[in-house]
Amino acid sequence: MHKDHNNSSSAPTTPRIRHRRRSNEIPHELTKLNGTHLLINDQDKYKSMWIRAHSSLWMLGGFLFMLYLGHLYIWAAVVVIQIFMARELFNLLRRAHEDRRLPGFRLLNWHFFFTAMLFVYGRIISQRLVNTVTSDKFFYRLVGGIVKYQMVICYFLYIAGFMWFILTLKKKMYKYQFGQYAWTHMILIIVFTQSAFTVANIFEGIFWFLLPASLIAINDVAAYFFGFFFGKTPLIKLSPKKTWEGFIGASVATLISAFVLANIFGHFQWLTCPRKDLSTGWLQCDPGPLFKPEYYSLLGWISYWFPWKEISVLPVQWHALCLGLFASVIAPFGGFFASGFKRAFKIKDFGDSIPGHGGFTDRMDCQMIMAVFAYIYHQSFVSPQDYTVEMVLDQRILSVVCTQILTCVSC
Amino acid sequence: MHKDHNNSSSAPSTPRIRHRRRSNEIPHELNKLNGTHLLINDHDKYKSMWIRAHSSLWMLGGFLFILYLGHLYIWAAVVVIQIFMARELFNLLRRAHEDRRLPGFRLLNWHFFFTAVLFVYGRIISQRLVNTVTSDKFFYRLVSGIVKYQMVICYFLYIAGFMWFILTLKKKMYKYQFGQYAWTHMILIIVFIQSAFTVANIFEGIFWFLLPASLIAINDVAAYFFGFFFGKTPLIKLSPKKTWEGFIGASVTTVISAFVLANLLGHFQWLTCPRKDLSTGWLQCDPGPLFKPVNYSLPGCISDWFPWKEISVLPVQWHALWLGLFASIIAPFGGFFASGFKRAFKIKDFGDSIPGHGGFTDRMDCQMIMAVFAYIYHQSFVFPQDYTVEKVLDQILGSLTLEEQKVLYMKLGKIFQERQLKPR
């Protein structure tokens, strides 16, 4: 994610392809000089830092505004970001020459995108959608019907796209078409796995979306600044600008801020309460044992130096430490993967939407791994997994049983 | 799936690559002669038919034997077939030159395969595994622990493979390695989605696995024979040996046999009962309203011609008609996809394991789409009909404590009161 910006003013819609003659020499020089061309020696570093800081502030502002608006709007923002990511990635490996001979092939990608969206979000919000429209009888039946047959609808949409693909196979274009088909599937899997887990996190409580995302951002920024001031030893050949000093410094910073941030966030009910339906109003709930403060009296010599006799720790802060550890040690591999991918296919950035940062995919590469981990961690360690009353009441079985019982009340 | 076999005796582990100079001329000639080189004019047709029939009989015999043994062994057979399919497909796009420079890269594929096995089957059989080991306290805790943390374990195994991949990226090999990584994912997705749905079907009742699989096989065989005797008009450029006559004849045959087979298979409790745990013994259950015969009296004109006054139809036979329709019209597209794929990458067959048929993937390409459809159909249209109040009560009384049952009772009461207040 630390990129030099020689061509800041390219056209926004084309990915910046590295010209084979000029830019390919730059990585060769970098590796030949054995990592002496690190960020600490970059003459343009202040200018690039200013551009990055400027766009970072705008992104942060927009993000905070979304948070204030609530779960439904965050979900909408996630969908919008997805669309941009998918567009960047679809455009990445297309070849204009073949595309001219295949009209309507691009449309197939968006058909699969729409099907994936129905499938993924249908499963996540089905229960909440049903809870929202219980008042209106017509919508209740309509939504209930869609939810019940959601899998069939999505499957037939997919099969329709599959058949369309097969019927439009053209001689001498088979390899390109199959390659594009596989590439489309890979993109949709990457984009939708991440956003499915992100949206699931959001509806469990904005805390479980905000904390992991903040940790990744903090890790990124801290690695940038530690590398800026102290960077000397290169970390990995894939990303020559990353350094061990930046990595370790960022890890420590991330762990500490995980602990602190969890405390700060845990006090707001807006962030910790799960959303059971699709309303946008204020939330009120019993936060649960995780967010109730526990008091630890400090050891004698610490309380001698600091004015506090005891500290209140929310149990969730210990979970946050695990999230912070993951964010600092494992999530950067998402960035390495994206760097390796860009080197493999000789691309400079995934897109040009954000000045100073590249495209949306460049921002999201580490977030993806973190969002999945946060959800899995939450499901396994935070929320209980036993067969509870809630599970019986929430399952699809209940709607079936209720209709049967209610129709039988009169018999 | 109708292939001519010029090289029946190739080595079993290498996919048969079409040599660019020789075999590529054959499809050109086929297209030039405008489909006159159909199966009906093939002189080797009797010899190839004999080889195909021979291996088909062996496969059928093995299949029936596994069915007799039961759910657990069918599942094991599915896993074995999966391993063979994955091996065929992994080997398909490897290039020996690059592989020599990347030691241990093949191992990464099998690591991801193992992770996928844990993930997919863990989810499907977790409840049944818990039901099996309730007797032994130690195993119960062990299994419950594994089931509870199954997602975390699988995720960390995947992340380990991911990190391993990144740390073994070699300069100048990036494109090949990323291509292989993507290809591995595609293979595992294709193979595991199909087998996940197949295994889920099996545990719902062997009927829901046996009927779709049989329909695909019947469709295949019927298309072969109808094309053999009546084939004239080519169906699609991708598979020059398929004909419209074969397609339509096979469709009619499949729909009729769906109706008949469902009746035949529906009388056996071994096939219709779901398996709640991993035991292998005999099954006893209440088959449910779907498998109870409903008697229809035939209208006057038909009962004049036939000796039966009324026929008994299992309600499941109407569902079977839909399965048959899907198997005859849409499932063949799986075969077209595989044919197009083989043309795109200039391969003759996915493998050589089965004489006369090619590899395992060649046999499974239509089954994949059908298995997924059968499961989705079952979940959407059959399951709600089958799930009665008694079954829910069984689950509630079995899994919840007395306190929780009281809470459930009060919550249900509140929900019903609210619903009755609103006009329905």
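Keep in mind that the numbers below use all heavy atoms, side chains included, and drop hydrogens, waters and symmetry copies. The chains referred to below are lettered A, B, ... by the order of the sequence lines, with proteins before strands, and numbering in each begins at 1.
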Response to the item:
Most heavy-atom pairs under 4.5 Å with chain A, out of B:Y149, B:F373, B:F337, belong to B:F337
Discussion item. Quick check for you: among B:M186, B:M163, B:H185, which has the greatest number of heavy-atom pairs under 4.5 Å with chain A?
Written reply: B:M163
Assess whether atom [atom1] of [X] is packed by more than 12 heavy atoms of other residues, nucleotides or ligands within 6.0 Å.
X      : atom1 : result
A:W244 : CH2   : no
B:W322 : CH2   : no
A:F381 : CZ    : yes

Worksheet item: Under the ring-ring contact (aromatic ring centres under 6.0 Å, His included) criterion, do A:F162 and B:F333 qualify, and how do the steps go?
Response: CA-CA 8 Å; A:F162 179 73; B:F333 278 84; 7.2 Å; no
Select one option (side chain, backbone, both, neither) describing which atoms of [X] are under 4.5 Å from chain B's heavy atoms.
X      : answer
A:L169 : side chain
A:I369 : both
A:F326 : side chain
A:I166 : both

Practice prompt. Give, as side chain, backbone, both or neither, the part of B:F326 having an atom under 4.5 angstrom from any heavy atom of chain A.
Written response: side chain
Worksheet, complete the sentence: Honestly, the part of B:I159 sitting under 4.5 Å from a heavy atom of chain A is side chain
Worksheet, complete the sentence: Between A:F178 and B:F341 the two heavy atoms that sit nearest each other are CZ-N, 3.1 Å
Worksheet item: OH of B:Y174 to NZ of A:K342: how many Å apart, nearest 0.5 Å?
Response: 13.5 Å
Item to complete: Nearest 0.5 Å please: distance from the CZ atom of A:F156 over to the CD1 atom of B:I376.
Response: 8.5 Å
Response to the item:
Of the listed A:M151, A:Q150, A:K175, the one with the largest count of heavy-atom pairs under 4.5 Å with chain B is A:K175
